[in-house]
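Worth knowing before you read on, the calculation uses all heavy atoms, side chains too, and leaves out hydrogens, waters and symmetry mates.
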Amino acid sequence: MIKKWFKNIGPGPLVAAAFIGPGTVTLCTIAGVNFGYALLWAMVLSIGATIVLQEMAARLGIITQKGLSEIIREEINNPVLKTITIILILSAIVIGNAAYEAGNISGGVLGLETLFGSPSLNLLGLNIKVYSLLIGFIAFLLLYIGSYKVIERVLVALVILMSLAFFITALLTKPDILSIIKGALIPQFPKNSVLFIIGLIGTTVVPYNLFLHAALVKEKWQKETDLAFARKDTFIAVILGGLVSMCIIISATAIQHQDITNASDLAKGLEPLFGSLAKYFLAIGLFAAGITSAITAPLAAAYVASGCLGWHSILDAKKFKSIWMFILVLGVVFSSLNIKPIDIITFAQVANGVLLPVIAGILIWIMNKGAILGNYKNNTKQNILGILILGISILLSIAAISKVFRLAIF
């Protein structure tokens with residue numbers, strides 16, 4: 001039974017691994033410290049929205065055996081609209097993931113440094129972080145092997161490790177179960193919480209996961225009858241990923257009113273309250289979150305760029321490899337030298353904010369085309385849910401852009 005279940009695990013855990021990066025861990029930590037259990041409902045909402053959109057992306061990938069970016073390039077006939085859409089997608093996802101990759105690697109480094117200290121090398125007057133090079137090397141090795149099965153198995157193992165680490169950390173804090181249920185089911189809007197609510201949803205419902213999922217399902221499944229496996233895989237993985245985020249919020253709630261700015265501070269803050277075990281489990285979870293995102297971000301960017309530019313979207317293609325290598329190397333350099341490309345990250349935040357409703361809208365449009373999906377196009381229920389999520393994504397977009405430009409909209 002267990003062997004059969006593992007055999008049918010697909011890209012779902014990779015999608016979960018992609019959205020639970022160091023940024024998500026940090027945001028959940030600060031949300032828990034500042035608002036306790038009050039924002040857990042935002043995670044429940046984001047889990048539901050992510051399941052709906054990722055199921056559409058997976059269905060599209062299996063039925064068409066093409067990636068989302070390939071379909072967009074084929075289906076948008078207006079040359080001006082097509083060019084604008086492709087430039088936006090490439091800007092948000094390829095440039096964006098290059099900017100965020102340093103943060104992914106740095107998150108994994110924080111986890112290792114919490115456990116083992118902070119070794120560094122002095123080379124030509126530069127202080128280089130050893131763990132950044134180590135994480136970069138591991139990610140490079142896995143991606144260079146060019147085997148979907150190997151990447152899948154390693155990431156599944158890391159996601160399980162991450163899930164256990166954060167779940168055990170949450171248990172060690174002995175949380176109030178009734179308060180958790182209330183926080184998860186009853187929407188609350190504490191003072192100054194709106195941007196955190198938008199952020200919690202925005203770090204879970206992410207544009208590049210839609211491209212990644214549609215591209216990866218065809219590596220695993222080729223038949224229409226495999227849709228049931230893909231749906232189950234998506235459902236379980238997204239819920240598991242959402243629960244991990246909720247566990248981080250729950251853990252952070254235990255140490256309110258302390259100076260906590262990231263998950264490494266949380267690990268150190270939990271130690272005097274709940275013993276060294278909490279610190280170790282949280283650090284392991286942070287390392288796993290960092291390294292999984294460090295692998296999936298370059299992979300997603302390579303699939304997106306290849307699909308948009310009409311290249312072969314296969315793991316061992318030279319152009320495909322060149323994209324993920326560029327992003328990974330850039331991330332290692334920025335992380336190891338502790339450089340923060342603020343301007344690029346700001347640009348990527350704006351582009352991603354604009355991209356989410358655009359891609360959600362295009363995906364819903366494509367999912368209603370019988371010429372592409374036949375009997376597997378969206379039904380009425382799926383369209384209603386999709387349109388509701390599109391509305392949420394528009395609000396996310398406005399909030400993200402207003403936050404970047406410091407506009408007093410909320």
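- A donor-acceptor contact closer than 3.5 angstrom is absent between the side chains of Ser132 and Ser336.
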Please walk me through it: do Tyr303 and Phe320 pass ring-ring contact (aromatic ring centres under 6.0 Å, His included)?
CA-CA 7 Å; Tyr303 274 119; Phe320 187 93; 4.9 Å; yes
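- In this structure, Ser193 and Leu39 approach most closely via the heavy-atom pair CB-CD2, 4.2 Å.
- For the atom pair CG (Leu390) and CD1 (Ile364), the distance works out to 5.0 Å, reported to the nearest 0.5 Å.
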Val244 vs Val159, test: side chain to side chain contact (heavy atoms under 4.5 Å, CB included). Steps then yes/no.
CA-CA 10 Å; Val244 168; Val159 168; over 6 Å; no
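- The environment of Asn379 atom CG is dense: over 12 non-hydrogen atoms of other residues, nucleotides or ligands sit within 6.0 angstrom.
- Contacts of Thr83 classified as side chain to side chain donor-acceptor pair (under 3.5 Å), with partners at least two apart in sequence or in another chain: none.
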Are Phe167 and Leu243 close enough, and set up right, to give a side chain to side chain contact (heavy atoms under 4.5 Å, CB included), and what steps lead you there?
CA-CA 8 Å; Phe167 181 69; Leu243 288 174; over 6 Å; no
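- Looking at heavy atoms from C-beta onward, Phe19 lies out of side-chain contact with Thr203 at the 4.5 angstrom threshold.
- Scanning all heavy atoms of the two residues, the minimum distance from Pro190 to Phe35 falls at CB-CD2, 3.7 Å.
- Under the side chain to side chain donor-acceptor pair (under 3.5 Å) criterion, Arg73 pairs with no residue at all, not counting sequence neighbours.
- The side chain to side chain contact (heavy atoms under 4.5 Å, CB included) with Arg59 is formed by just one residue from the set Lys377, Gln382, His213; it is Gln382.
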Please walk me through it: do Arg231 and Phe235 pass side chain to side chain contact (heavy atoms under 4.5 Å, CB included)?
CA-CA 6 Å; Arg231 283 173 174 146; Phe235 187 79; over 6 Å; no
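- Side-chain contact between Ile72 and Ile359: present, with at least one pair of heavy atoms (C-beta onward) separated by less than 4.5 Å.
- When all heavy atoms of Met162 and Ala288 are compared, the pair lying nearest together is CB-CB, 3.6 Å.
- Here the shortest heavy-atom pairing between Asn378 and Met56 reads ND2-CE, 3.4 Å.
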Could you please spell out the steps behind the side chain to side chain contact (heavy atoms under 4.5 Å, CB included) verdict for Ile160 and Leu240?
CA-CA 9 Å; Ile160 291 171; Leu240 181 63; 5.7 Å; no
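- When every heavy atom of Tyr131 is checked against every heavy atom of Pro119, the shortest pair comes out as CE1-CD, 3.4 Å.
- Nearest approach of Pro22 to Gly107, heavy atoms of both residues: CG-CA, 3.5 Å.
- For Arg153, the CZ atom is loosely surrounded, since the number of other residues' heavy atoms within 6.0 Å does not exceed 12.
- Using a 4.5 Å heavy-atom threshold, the side chains of Trp311 and Ile323 count as touching.
- Counting heavy atoms of neighbouring residues, nucleotides and ligands inside a 6.0 Å radius, atom NZ of Lys82 exceeds 12 of them.
- Leu14 has its side chain within reach of Glu152: a pair of non-hydrogen atoms, C-beta onward, lies under 4.5 Å apart.
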Might you work through the side-chain hydrogen bond (donor to acceptor under 3.5 Å, both in side chains) test for Thr169 and Ser251, ending with a clear yes or no?
CA-CA 6 Å; Thr169 303; Ser251 300; 5.2 Å; no
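- Between Phe189 and Trp41, a ring centre-to-centre spacing shorter than 6.0 Å is recorded.
- Relative to the ring axis of Tyr37, Lys182 does not place its NZ or CZ within 45° and under 6.0 Å from the centre.
- The side-chain heavy atoms of Phe281 and Phe166, taken from C-beta on, include no pair separated by under 4.5 Å.
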